Amino acid sequence: MQQEILKRAAKDLPIYTMTATKAVRYCDRCQLVKPDRCHHCSACDVCVLKMDHHCPWVNNCVGFSNYKFFLLFLMYSLLYCLFIAATVLQYFIKFWTNELPDTRAKFHVLFLFFVAAMFFISVLSLFSYHCWLVGKNRSTIEAFRAPSFRNGPDKDGFSLGFRRNLREVFGDEKKFWLLPVFTSLGDGCSFPTRLVLGDTDQNAIIVQTDSTKHVGPSQTFPTRPLSESQNRLLGSESQWADSAHGEDQTEKGGESHVAVLIES
């Protein structure tokens, strides 16, 4: 019964993904129909739009609203570690050749170089992986579990080509790409998809756009769970039966009105 209610409620929403059992993606915790690429974070206890992962280093979820900032954070950290390692390298070489004065500072130099080098290697691997994800237009969750569409799971269902994938995260204006300014395209609730026919790298891309299912920027989602009395998706069966009966009466009235007009 709940799935029937959810199908009625989600039929006019810009939703193309579903569960593995072809059911509407619904969050029982937040009591919301999940938009495409949205997932519930157990640590933050909230549904996150285009959720990538929960980052313990920044103590926050990485998703649609801050994914560009996360990438810039990795890039800035990578350049900073590289700068530290490059400036300390000459003193590190002097330490091994015994040209550095015998002071406590030489241990600081040794420690600083190793820390900068280790962080550089670890951040470089993470940054390279996320650059690959941006090029494929996937999140970390989608990389491990492909989103399921009507035709089945498709790991490249949201990929629009390298350039469009890059613009979806960083925006259209290249002058803002390296600045910590939000320039990502879209609203986080609906994403253009493609129908993949054969090889994903050689075939054409068909972007699915449905003007009747457009979500305007003014549309908002509830920020806290609704009670059962406020949530219309969990209403009683009688409410839906009354609604369906009212729709049938309206349709019958419209048909009779048309028949009168034709006879006249």
Side-chain angles (χ1 to χ4, degrees), residues 37-100 103-147 155-156 158-159 161-171 174-185 188 191 200-201:
R37 316 183 80 175
C38 176
H39 298 276
H40 185 86
C41 177
S42 58
C44 298
D45 195 22
V46 68
C47 284
V48 181
L49 296 177
K50 194 185 176 183
M51 180 178 177
D52 187 87
H53 68 285
H54 181 85
C55 182
W57 298 100
V58 298
N59 192 26
N60 195 8
C61 276
V62 178
F64 171 77
S65 60
N66 59 353
Y67 188 62
K68 177 191 173 183
F69 303 135
F70 176 75
L71 292 175
L72 294 180
F73 166 72
L74 294 179
M75 187 187 68
Y76 296 157
S77 302
L78 189 66
L79 295 177
Y80 180 70
C81 292
L82 181 62
F83 173 77
I84 295 297
T87 54
V88 180
L89 180 61
Q90 57 177 335
Y91 301 101
F92 181 75
I93 295 175
K94 291 182 180 180
F95 171 80
W96 284 106
T97 57
N98 294 324
E99 296 180 4
L100 196 66
T103 59
R104 295 181 179 179
K106 63 181 183 180
F107 297 103
H108 298 167
V109 170
L110 182 64
F111 176 77
L112 184 60
F113 178 80
F114 274 110
V115 169
M118 288 187 297
F119 270 95
F120 174 79
I121 295 174
S122 60
V123 174
L124 178 61
S125 61
L126 184 60
F127 181 69
S128 302
Y129 175 68
H130 278 279
C131 288
W132 178 79
L133 290 178
V134 171
K136 296 293 185 179
N137 201 344
R138 303 177 194 168
S139 64
T140 302
I141 297 177
E142 294 168 353
F144 288 94
R145 184 175 66 250
K155 61 181 180 180
D156 293 318
F158 294 103
S159 181
F162 179 77
R163 292 184 179 180
R164 292 186 179 181
N165 296 340
L166 194 65
R167 289 170 52 193
E168 187 172 314
V169 176
F170 291 97
K174 296 182 179 180
K175 61 182 179 181
F176 296 123
W177 281 11
L178 300 180
L179 299 179
V181 181
F182 182 80
T183 55
S184 300
L185 302 181
F191 297 90
T200 58
D201 296 328

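Being a predicted model, the structure only gives us computed values, none of them experimental. What you see below is based on every heavy atom in this structure, not just the backbone, and it leaves out hydrogens, waters and symmetry mates.
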How close do [X] and [Y] get, heavy atom to heavy atom, and via which atoms?
| X | Y | value |
| --- | --- | --- |
| R37 | E168 | NH1-OE2, 3.7 Å |
| L179 | L72 | O-CD1, 3.3 Å |
| S65 | F69 | O-CE1, 3.7 Å |
| S128 | L124 | OG-O, 2.7 Å |
| A116 | A85 | CB-N, 4.0 Å |
| V48 | G63 | CG1-CA, 4.2 Å |

Rounded at 0.5 Å granularity, tell me how far [atom1] in [X] sits from [atom2] in [Y].
| X | Y | atom1 | atom2 | answer |
| --- | --- | --- | --- | --- |
| H40 | S42 | NE2 | OG | 7.0 Å |
| L133 | E142 | CG | CD | 9.0 Å |
| L74 | C55 | CG | SG | 8.0 Å |
| L78 | L126 | CG | CG | 10.0 Å |
| F144 | K155 | CZ | NZ | 13.0 Å |
| L79 | F127 | CG | CZ | 8.0 Å |

So do the side chains of [X] and [Y] get within less than 4.5 Å of each other, counting heavy atoms only?
| X | Y | result |
| --- | --- | --- |
| D52 | H130 | yes |
| L178 | M75 | yes |
| M51 | C61 | yes |
| T140 | Y129 | yes |
| K174 | L166 | no |
| K175 | V181 | no |

F170 vs W177 aromatic rings, parallel, tilted or perpendicular, using cut-offs 30° and 60°? tilted

Anything under 30° is parallel, anything over 60° is perpendicular, the rest tilted; go ahead and classify F70 against Y67. parallel

Crowded around Y76 OH? As in, over 12 foreign heavy atoms under 6.0 Å? yes

Please check if the number of heavy atoms outside F111 that lie under 6.0 Å from its CZ is greater than 12. no

With sequence neighbours excluded, tell me which residues meet ring pair (Phe, Tyr, Trp, His ring centres under 6.0 Å) with F114. F92

Does one side chain, of T183 or K68, offer a donor that lies under 3.5 Å from an acceptor on the other? yes

Could you go through the ring-ring contact (aromatic ring centres under 6.0 Å, His included) check for F64 and F182 one step at a time? CA-CA 10 Å; F64 171 77; F182 182 80; 5.8 Å; yes

Between H39 and H54, is the ring centroid distance below 6.0 Å?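 Here the rings of H54 and H39 have centres that are no less than 6.0 Å from each other.
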
Please check this pair: side chain of N165 against backbone of G135, looking for a donor-acceptor N/O pair closer than 3.5 Å. yes

